Amino acid sequence: MRTRPLKVALLGCGVVGSEVARIMTTHADDLTARIGAPVELAGVAVRRPSKVRAGIDPALVTTDATALVKRGDIDVVVEVIGGIEPARTLITTAFEHGASVVSANKALLAQDGAALHAAAEEHGRDLYYEAAVAGAIPLIRPLRESLAGDKINRVMGIVNGTTNFILDKMDSTGAGYQEALDEATALGYAEADPTADVEAFDAAAKAAILAGIAFHTRVRLDDVYREGMTEVTAADFASAKGMGCTIKLLALCERAADGGSVTARVHPAMIPLTHPLASVRGAYNAVFVESDAAGQLMFYGPGAGGSPTASAVLGDLVAVCRNKLGGATGPGESAYTQLPVSPMGDVVTRYHISLDVADKPGVLAQVATVFAEHGVSIDTVRQSGKDGEASLVVVTHRASDASLAGTVEALRGLDTVRGVSSIMRVEGE
Ligand SMILES: NC(=O)c1ccc[n+]([C@@H]2O[C@H](COP(=O)([O-])OP(=O)(O)OC[C@H]3O[C@@H](n4cnc5c(N)ncnc54)[C@H](OP(=O)(O)O)[C@@H]3O)[C@@H](O)[C@H]2O)c1
């Protein structure tokens, strides 16, 4: 057992960072035994130095994060500041000055993962980021290491707890979107500005990271098709229930059947109640992985929160410290397949479309003709109406998103179609 401690610099001491510091202190003996050397908190960079931080020696606190990562005696930098800058520059500076990095920063990894991996490799350092996707749930390492001998074809997950809480509320109480969002905000599940969650920017960043690791290719945030969940209505849930489904905001990463390309997308979708993801309640996350040899795997747990996220950070810290003591580095970026990312129009799935139409003879035939003309085959149609107005709910067989988009555009051009009130993809069948 080495007695000289490994030195850790903590960048950020907020929701996650404060829990990382707490666990480093309370579990110090266990961490020492597992790593084979003690770990010492050597500095804590924050924005507001005067804030009281329980359990943190004020002498360790600094506002000069750059000087901290440049010290030269730091073994591991834990970056839990978030955002693009200064996090990106601090991480690359840490590599240049001898430290490996553990980060929870999904936004940065999704945008600049390739460059950060290249910088880590250039300097012979580790870059670990288990906490960046689905909080406490072990996912990056299982995909990167445990399944390294398999071939992953699909990753489908609920990777944002805020939106799952809102959708679950709508499902279980019949509440509308705004009412469910207000409750999520009051309970602390949604931030004052919920845009990153409800418009699915957060989930899209996670989808980019997952797709890249699962398919050994580079998928950037811009490659991910993104649709938020602000337009999901109580009527959509009623319709979903009628089909034996519920609605979830899903991140879907898929390898094309011919293996020549991949897709990554985030949007609300109906999934059958029998699918394992349908039973993921409240703010929990879950990711369903399909691979050639293992078959179907499900990873489930708390996707956010200080303590759960710190659990993932600490796991990475132990791994990086062990690597350091062994004079090695862990697996770097694996992007050898260089598969192109196909546009959303190429995605093939089923659709649930609600239309408001005139209630008169021939309308159904007219609508069916538009679907047929665009090569979209209808599975079921449900019609209800009175007083000259009617609603049509059409569920299709599998079709490309481009064909569906063409169909919807043509439907909107029909005199007898008053509006297309909802379009939702149907997944997980
Ligand atoms: N919260 C979660 O549940 C969760 C889950 C998974 C991943 N993450 C990721 O973890 C990271 C941290 O999230 P968080 O929720 O802990 O954020 P947070 O509570 O806002 O904490 C951010 C910390 O960074 C410090 N900071 C901000 N700008 C800085 C700068 N320029 N120099 C030095 N320190 C600076 C802040 O200092 P002050 O304390 O002085 O303000 C604060 O301590 C993000 O990348 C986030 O995406 C969070």
Side-chain angles (χ1 to χ4, degrees), residues 9-23 41 43-56 58 60-70 77-91 93-94 101-113 116 127-140 157-165 184 187-197 201-206 208-210 221 282-285 287 301-317:
L10 184 60
L11 309 185
C13 192
V15 174
V16 179
S18 60
E19 280 298 300
V20 170
R22 184 186 64 77
I23 298 171
L41 194 55
V44 181
V46 296
R47 209 172 18 191
R48 296 165 295 162
S50 53
K51 189 178 168 203
V52 177
R53 298 172 200 270
I56 305 274
L60 296 179
V61 175
T62 175
T63 53
D64 194 346
T66 305
L68 181 58
V69 299
K70 278 185 172 175
V77 166
V78 174
E79 184 277 307
V80 279
I81 290 177
I84 306 300
E85 285 295 354
R88 175 172 47 197
T89 303
L90 289 169
I91 289 174
T93 307
V101 172
V102 173
S103 174
N105 195 333
K106 64 214 106 172
L108 179 58
L109 266 306
Q111 184 176 306
D112 279 328
L116 292 175
L127 173 62
Y128 277 48
Y129 44 90
E130 183 65 69
V133 182
I137 307 173
L139 195 55
I140 304 290
I158 295 166
V159 292
N160 182 280
T162 305
T163 48
N164 200 57
F165 179 90
L187 292 172
Y189 287 115
E191 293 186 24
D193 176 2
T195 311
D197 294 320
F201 289 103
D202 174 85
K206 293 164 179 172
I209 296 171
L210 288 176
L221 187 52
Y284 275 80
N285 282 195
V287 177
S307 178
T309 308
S311 163
V313 170
L314 264 296
D316 279 352
L317 180 64

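Here the structure is a predicted model, which means the values were calculated and not measured. In what follows, residues are counted from 1 in the order of the sequence shown. Atoms within each ligand, like the ligands themselves, are counted from 1 in listed order.
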Item checked: Heavy atoms of other groups near Y129 OH, more than 12 under 6.0 Å -> yes
Next item on the list: Give a yes or no on this: more than 12 heavy atoms of other residues, nucleotides or ligands lie within 6.0 Å of atom OH of Y189.
Entry: no
Margin query: Quick check on atom 10 (O) of ligand 1 - does any protein heavy atom sit closer than 4.0 Å to it?
Written below: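 Yes, at least one protein heavy atom sits under 4.0 Å from atom 10 (O) of ligand 1.
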Item checked: atom 41 (O) of ligand 1 touched by protein heavy atom at under 4.0 Å -> yes
Give the residue, atom name and distance (to 0.1 Å) of the protein heavy atom nearest [atom].
atom                    : value
atom 21 (O) of ligand 1 : G14 CA, 3.3 Å
atom 47 (O) of ligand 1 : K106 CE, 3.0 Å
atom 37 (O) of ligand 1 : R47 N, 3.1 Å
atom 12 (C) of ligand 1 : V80 O, 3.2 Å
atom 19 (O) of ligand 1 : V15 N, 2.9 Å
atom 26 (N) of ligand 1 : I81 CG2, 3.9 Å

Checklist line | I91: which of L109, D112, L11, L108 passes side-chain contact (heavy atoms from CB on, under 4.5 Å) | finding: L108
What is the distance from atom [atom1] of [X] to atom [atom2] of [Y], rounded to the nearest 0.5 Å?
X    : Y    : atom1 : atom2 : result
T89  : I84  : OG1   : CD1   : 10.5 Å
C13  : I81  : SG    : CD1   : 11.0 Å
K70  : L90  : NZ    : CG    : 10.0 Å
K106 : L210 : NZ    : CG    : 12.0 Å
F201 : N160 : CZ    : CG    : 12.5 Å

Mark up the atoms of ligand 1 that fall under 4.0 Å of a heavy atom belonging to [X], in ascending order.
X    : result
G12  : 23 (C), 24 (O), 25 (C), 43 (O)
A131 : 6 (C), 7 (C)
A304 : 3 (O)
V16  : 1 (N), 2 (C), 4 (C), 10 (O), 16 (O), 48 (C)
C13  : 23 (C), 42 (C), 43 (O)
G305 : 2 (C), 3 (O)
G82  : 44 (C), 45 (O)

Ligand 1 N/O within reach of [X] N/O, cut-off under 3.5 Å:
X    : answer
G83  : no
G135 : no
G17  : no
R53  : yes
T63  : no
K51  : no

Check: For ligand 1, does T309 get within less than 4.0 Å through its side chain, its backbone, both, or neither, judged by non-hydrogen atoms?
Finding: side chain
Item checked: I209 side chain reached by I140 side chain, heavy atoms, under 4.5 Å -> yes
Strictly distance-based, threshold 3.5 Å: is any side-chain N or O of [X] a donor or acceptor partner for the main-chain N or O of [Y]?
X    : Y    : result
D316 : E130 : yes
N105 : G83  : yes
N285 : P302 : no

Next item on the list: Between P308, S307, P86, flag the one that comes closest to atom 31 (N) of ligand 1 by a heavy atom.
Entry: P86
Next item on the list: Quick one: do E19 and T309 satisfy side-chain contact (heavy atoms from CB on, under 4.5 Å)? Show the steps, please.
Entry: CA-CA 8 Å; E19 280 298 300; T309 308; over 6 Å; no
Item checked: Contact summary for R53 and R48, nearest pair of heavy atoms -> NH2-O, 2.7 Å
